[in-house]
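Just so it is clear: chains get the letters A, B, ... in the order the sequence lines come, proteins before strands, and each one is counted from 1.
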Number of protein chains: 2
Amino acid sequence: MDDSKIRNMEQFARVSGISRPTLSKYFNDASSVRPKTRARIEEALEQNDYRPNMFAVNQNRRLTKNIGIVVPYLSDPFFAEIARNLEQRCIDAGFWPTLFSAHGDSALEIEILDSLRSLKPAGVLLAPLGRASDRAAIEKFCDDVPTILFDSNIEGVGEAFIGSDNGQIVGLSVEYLCRTGEPPCFFEMPPVNPNAKKRRNGYIQAMEAHGLEPQVIRVEGKGWGFEEVGYRGGLDVIDKGLLTSDTVLCSNDRLAMGFLSACYERGLRVGHEKDCVLRVAGHDDHPFSRFGCPPLTTIAQDYEKISECSVEALFNLIEGGRSNGPRIESLFKGKLVMRASA
Amino acid sequence: MDDSKIRNMEQFARVSGISRPTLSKYFNDASSVRPKTRARIEEALEQNDYRPNMFAVNQNRRLTKNIGIVVPYLSDPFFAEIARNLEQRCIDAGFWPTLFSAHGDSALEIEILDSLRSLKPAGVLLAPLGRASDRAAIEKFCDDVPTILFDSNIEGVGEAFIGSDNGQIVGLSVEYLCRTGEPPCFFEMPPVNPNAKKRRNGYIQAMEAHGLEPQVIRVEGKGWGFEEVGYRGGLDVIDKGLLTSDTVLCSNDRLAMGFLSACYERGLRVGHEKDCVLRVAGHDDHPFSRFGCPPLTTIAQDYEKISECSVEALFNLIEGGRSNGPRIESLFKGKLVMRASA
DNA sequence: ATAAAAACTTTACGCGCGTAAAATATGGAG
DNA sequence: CTCCATATTTTACGCGCGTAAAGTTTTTAT
């Protein structure tokens, strides 16, 4: 290959024998030029390794190819996993995703949205913090930037919401637990986001549908350190004898993992076998749940479909512009994952 | 506030009564203008909410304020945590960090570095995949872009390396375990990065220094699913009776958590109390280790210092340019965290 | 007060590319 | 071969800002 001292599209135009405007078209959308031209460009590209200057490109294009991905808490394996998935899909579609985490802090969430504006993103995939979020600020952002909400809903904000059907999910776990043993009480995490509340209500409804008395145990604690909350809350309810059932259904897996740790510490054997005194189940099937002691029975969220649908909705929004139709909410069903804990 | 229809620095100059070049200086470095001028600018800024166009800025500046942060595997809580820390420090220093994860894939790692070039970053903080990394490609990248390596070293590559003193860390754990019970055997993870090998060697040296016979148990498996590897390897060595000691020292906490899960499944009670048949310890003190069953005794890496030192080294490099001095390697000591598992 | 230094303003150019308009070339249908 | 739709080239301008140079004002030192 020649000395790769090509500094701009002008020079590459000379070297490749293709005019600069055509090159510009090509780099924007390779299929927009004649196949023969395209072949010539790509041949020249292989020998000269030139890449358009991202900043110049984005400055001048009406719409960039940037996509912002914002999650509430990246240290949460669930979000790490789904962010990875979203990222890959964006790249495959020729976009440039940038990942942000609010780290559980609503002020930071707003800062991120502010920064995001100056990226002039074509669109944003936002999993809001939830209850702590500054609704007005997010609403304003969604007015300015095409945004799809996922995981955690804020009614009426954003062009669409993609998440899990918490009613169905909790219905599944309640049904399974009732069918296989004593009806569960519900170990509820602090309501940091609407999912927490929906799962609680889902539990109550499901129990009533089974003609049973719901028993909700509210755990103290705040922030996103759910394991800690589950652990401390677990020790507390065990020591005070507050458990109203030998079966404990937790809001989510991280809480459940903390609870398992508390059970272990108090010598309570968890599982569905004979020598066990407690059954514990969670929701989400987060990546480490299967390595709990015992492995955690849980309801798996459909990571793949949620991310696929989110990205698809965003691309439709980007291409088609805002629709006048109603805001779409897509909710996916979860699947029961039976393990040793319940 | 006035209608925020200010579209460029020119207009903001008119409104604020400050010349555009001075504004340019201010936005580049607020302390580079006279305090009185600065006050006037910031007053106008409050009333007009204008922000310089990032793309135009970065196109023209010789050096951007972008910083790339690259980790090998973001779903690993250890990297999620340290990335968060690095990110915050960069922001506080007025830089614009962007986070990337290679997701355990060396091809993706190279792609990331390629993308990174077009961001014209002022500098990059890189935790390489390790053994799987394409050394030549990374070396070339480091020639072009000021880069600090952290966590996982590649000899001679990058301006500096900041990490943990694996010798000291393993020395600590071996010493503690020998002092409080039977000398440990070493449960070794697949050598995905140099740290794995260093820890193994550190174990051997420490044991020999104590006049003891080292016993290394190599576990099969590949990729970054360490819990899985620890779990499967754990079942295997337990079932085949390959454990040469009642004390098992694991390469890292994720492996140890998987091993704990295997022990639980086989009904082996882990801990240092009377009714326990096995002691297990790890390294790193990753965020969920304390919620193991039992909570994991481990050696904590000094997250704070590693990230502080990494960022500092990068800033020095950015400001001072490449030095002719020798490549610096800063290794931080770990601290023993005693919990119930050993 | 006066000179020197520092900060600011004015003016002007360039960065690399998007994009519009008009002229020209290409390629397939008839 | 001619015609016409479609691609490409030529030309030219603009995006928003960095930055250099020269002139003007303000601050600091003497």
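The pair E42(B)-R40(B) does not count as a salt bridge, with every side-chain nitrogen at least 4.0 angstrom from each carboxylate oxygen. A salt bridge links D114(B) and R117(B); the closest N-O separation between the charged side-chain nitrogens and carboxylate oxygens is under 4.0 Å. With respect to the salt-bridge test (charged N to carboxylate O, under 4.0 angstrom), the residues E43(A) and R38(A) do not qualify.
Atoms CD (Q59(B)) and P (dC17(D)) sit 12 Å apart, rounded to a whole Å. Between the P atom of dC17(D) and the CZ atom of R61(B) lies a distance of 11 Å, rounded to the nearest Å. Nucleotide dG18(C) holds its C1' atom 14 Å from the CZ atom of F55(B), rounded to whole Å. Taking atom NZ on K65(B) and atom C1' on dG18(D), their separation rounds to 14 Å, with Å as the unit. Distance, E10(A) CD to dG18(C) P: 12 Å, rounded to whole Å. Nucleotide dA7(D) holds its P atom 12 Å from the CG atom of D29(A), rounded to whole Å. Remark: P of dG18(C) and NZ of K120(A) are 13 Å apart, rounded to the nearest angstrom. One interatomic measurement links the two molecules: NZ of K25(B) to C1' of dT19(D), which rounds to 12 Å at whole-angstrom precision.
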Item to complete: Begin with the C-alpha distance, continue with both residues' side-chain angles, and end with the deciding distance and a verdict on ring pair (Phe, Tyr, Trp, His ring centres under 6.0 Å) for F78(A) and Y73(A).
Response: CA-CA 9 Å; F78(A) 169 77; Y73(A) 198 73; over 10 Å; no
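Side-chain N/O atoms of S24(A) include one lying less than 4.0 angstrom from OP1 or OP2 on dG18(C). For the OP1/OP2 pair of dT9(D) and a distance below 4.0 Å, the side-chain nitrogens and oxygens of T22(A) include at least one atom meeting the criterion. Remark: R62(A) is in phosphate contact with dA20(C), judged by side-chain N or O atoms under 4.0 Å from OP1 or OP2. Between Y50(A) and dG16(C) there is no side-chain polar atom (N or O) within less than 4.0 angstrom of OP1 or OP2.
In this structure, the nucleotide among dT19(D), dG18(C), dT10(C) sitting nearest to the side chain of N28(B) is dT19(D).
Note on P21(A): a base of the nucleic acid sits closer than 4.0 angstrom, heavy atoms only.
Checking R34(B) against A56(B), the closest nucleotide of DNA chain D that is more toward the 5' end is the one next to A56(B). DNA chain C is contacted by both M9(A) and K36(B); K36(B) maps to the nucleotide lying nearer its 5′ end (nearest heavy atom per residue).
Ring pair Y50(A)/F27(A) is perpendicular by interplanar angle, where above 60° counts as perpendicular and below 30° as parallel.
Between the side chain of N60(A) and the base of dG14(D), at least one donor-acceptor pair of N or O atoms lies under 3.5 Å. In terms of polar N and O atoms assigned as donor or acceptor, the side chain of R20(A) never comes within less than 3.5 Å of the base of dG16(C) in a complementary pairing.
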